[in-house]
Protein chains: 2
Amino acid sequence: MDKKSPIKITLTERNDAVTITQWVYQTLRNAVMYGEILPGRALTIRELAGIMDVSPMPVREALRQLAAENALEIQGNRRVMVPKMTAMKFNELCEARIAIESHAAARALPYIDGERLEQLRSLDSLIDQAQEIGNLEQISLLNQNFHRALYTANPHQVTLPLIESLWLQLGPFMRLANNELDEHYLVDRHNEAMAAIEKKDAYALQIAISADIREGIAFAGTPEMLHALIENSGH
Amino acid sequence: MDKKSPIKITLTERNDAVTITQWVYQTLRNAVMYGEILPGRALTIRELAGIMDVSPMPVREALRQLAAENALEIQGNRRVMVPKMTAMKFNELCEARIAIESHAAARALPYIDGERLEQLRSLDSLIDQAQEIGNLEQISLLNQNFHRALYTANPHQVTLPLIESLWLQLGPFMRLANNELDEHYLVDRHNEAMAAIEKKDAYALQIAISADIREGIAFAGTPEMLHALIENSGH
DNA sequence: AATCATTGTTTGTGATCACAAAAGTTGAAA
DNA sequence: TTTCAACTTTTGTGATCACAAACAATGATT
């Protein structure tokens, strides 16, 4: 029997085209991103291997990769866990997002052609639809796709991996605000961004992206997460 | 016999306090950082294990970790190599450094106390000494330490891992300019940064850090690297 | 009752092996 | 000479095992 709190991980269908390590990596990455693993909970290789019904080897490699991306933390004890969050660290992560993503947006702007613009418009309207329904997970996913589509317009892009690392670290503690006021603001910011892109106005785009990030991030986690967020803020 | 060009890797003393994987990781990381491995050259686990006289296992883990940090690239063929550089990508990496590091500097400024200021001054004068002698490797190392000491003044720092990733990617292609004119500028920029820190002027600090990065980066690699830098720029 | 040494268990690390995919080589046909 | 198929070798992936360090539990001593 497990002495610690049990771990629930959403298992996706395993595609034979990808290696087991890749599948384990994606599964664990999603589990971290969606806050399925409690921060501070020790993760052991054999336990995860048992849950996912694979040998310890792919789990070892996936854990090391996630640790290298700052999604997991390896302590001196060689123990692996989701890093605990503090209010100050949360704020630093948000400010880092704003600095890097507004830079990435400005750098991508000159490369946005008609096709890319069409793709962005399509994502924008999909987000509007998802907001009508109120599907928060869908909104979050589409919002990521919108930002990714914007930054990857730059064919020499180098910051996306860094941005994804920040998303991973914020993931467990980040939810789109679900009250109507913030929804309204969100729509406006996206429209602002689209307008700035069409006018090729880099500065306006940075303003819009910054505002989108700042207003789109709101803490709405579970009580356990809220507790984990606060408990160590004095350290 | 090896069919490919042989790989020379500087082996450091192995400390019994660290695991073999950590030692392999640091060794390979240094090899990448100092451009000892030709971009595009395929790296095989067994070959590296043979060179470093360890089993394939630690090499596997170190390679995966370096790939997650964007220091190495895993192709679809499952082949691992140092990513090839292009002029555009080089430029993007430099601009990303400027954006992120000036942000990190501004965020660290409020936390710089007397002790940290003393440490920065000490590093600054050490850099001056190294420049008198003309020891480029020492200058590069001390310069990194200076930047690191500045950014880590912020106890809630989250961007250093991202910055180190950029350093790693630029490493093989980055050398401090060694003509006297640039040396002179470098000294000035450091002094500017120190002055901005003492005056707690965040904007002036960002200007100084940006200038330091922009002027401190100059391509001065080997002919092979220059060739590797250019050959694929059209792709 | 509290502290510390001791014992038993769990866990990460590193080595070795089997296997399938990829790369490299050879040789024949055009 | 060039092209393509068959064969051989190399290589990454994944599984299993041995071992030492870390952890948890137990018991003795003050």
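Computed from a predicted structure; not experimentally measured. All chains are named by letter (A, B, ...) in the order of the sequence lines, taking the proteins before the strands, and each is independently numbered beginning at 1. Note: hydrogens, waters and symmetry copies are ignored here, and every other heavy atom, side chains too, is used.
- Residues satisfying the side-chain contact (heavy atoms from CB on, under 4.5 Å) criterion with Ala68(B), sequence neighbours excluded, are Gln65(A), Ala68(A), Glu69(A).
- Taking side-chain N and O atoms only, Thr21(B) has a distance below 4.0 Å to OP1 or OP2 of dG14(C).
- In this structure Pro83(A) satisfies the side-chain contact (heavy atoms from CB on, under 4.5 Å) test together with Glu73(A), Lys89(A), sequence neighbours excluded.
- When distances run from any side-chain atom of Thr44(A) to the nucleotides dG14(C), dG12(C), dG14(D), the shortest one goes to dG12(C).
- Atoms OH (Tyr25(B)) and P (dG14(C)) sit 15 Å apart, rounded to a whole Å.
- Regarding Ile45(B), its CD1 atom lies at a distance of 14 Å from the C1' atom of dT16(C), rounded to whole Å.
- Within residues 50-62 of chain B, the residues having any heavy atom closer than 4.0 Å to DNA chain D are, in order of number, Met57(B), Arg60(B).
- Scanning for side-chain hydrogen bond (donor to acceptor under 3.5 Å, both in side chains) contacts around Arg78(A) gives an empty result, with sequence neighbours left out.
- Relative ring orientation between His147(B) and Trp167(B) is described as perpendicular, the plane-to-plane angle rising above 60° on a 0-90° scale split at 30° and 60°.
- The residue among Arg46(B) and Arg64(A) whose nearest nucleotide of DNA chain C lies closer to the 5′ end is Arg64(A).
- The side-chain hydrogen bond (donor to acceptor under 3.5 Å, both in side chains) search around Gln119(B) returns none, not counting sequence neighbours.
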Distances under 3.5 Å between nitrogen or oxygen atoms of protein and nucleotides 20-22 of chain D:
none

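- The side-chain contact (heavy atoms from CB on, under 4.5 Å) search around Thr27(B) returns Ile9(B), Leu11(B), Thr12(B), Trp23(B), Met52(B), not counting sequence neighbours.
- Ile74(A) comes within 4.0 angstrom of no nucleic acid atom, judged by non-hydrogen atoms across all strands.
- Applying the side-chain contact (heavy atoms from CB on, under 4.5 Å) test to Arg46(A) and every residue at least two apart in sequence or in another chain returns nothing.
- Listed by first and then second residue, the side chain to side chain donor-acceptor pair (under 3.5 Å) pairs that reach into residues 49-60 of chain B are Glu61(A)-Arg60(B), sequence neighbours excluded.
- Between the CD1 atom of Ile20(B) and the C1' atom of dG14(C) there is a distance of 6 Å, rounded to whole Å.
- Residue Leu43(A) contributes atom CG, which lies 15 Å from atom P of dC23(D) at whole-angstrom precision.
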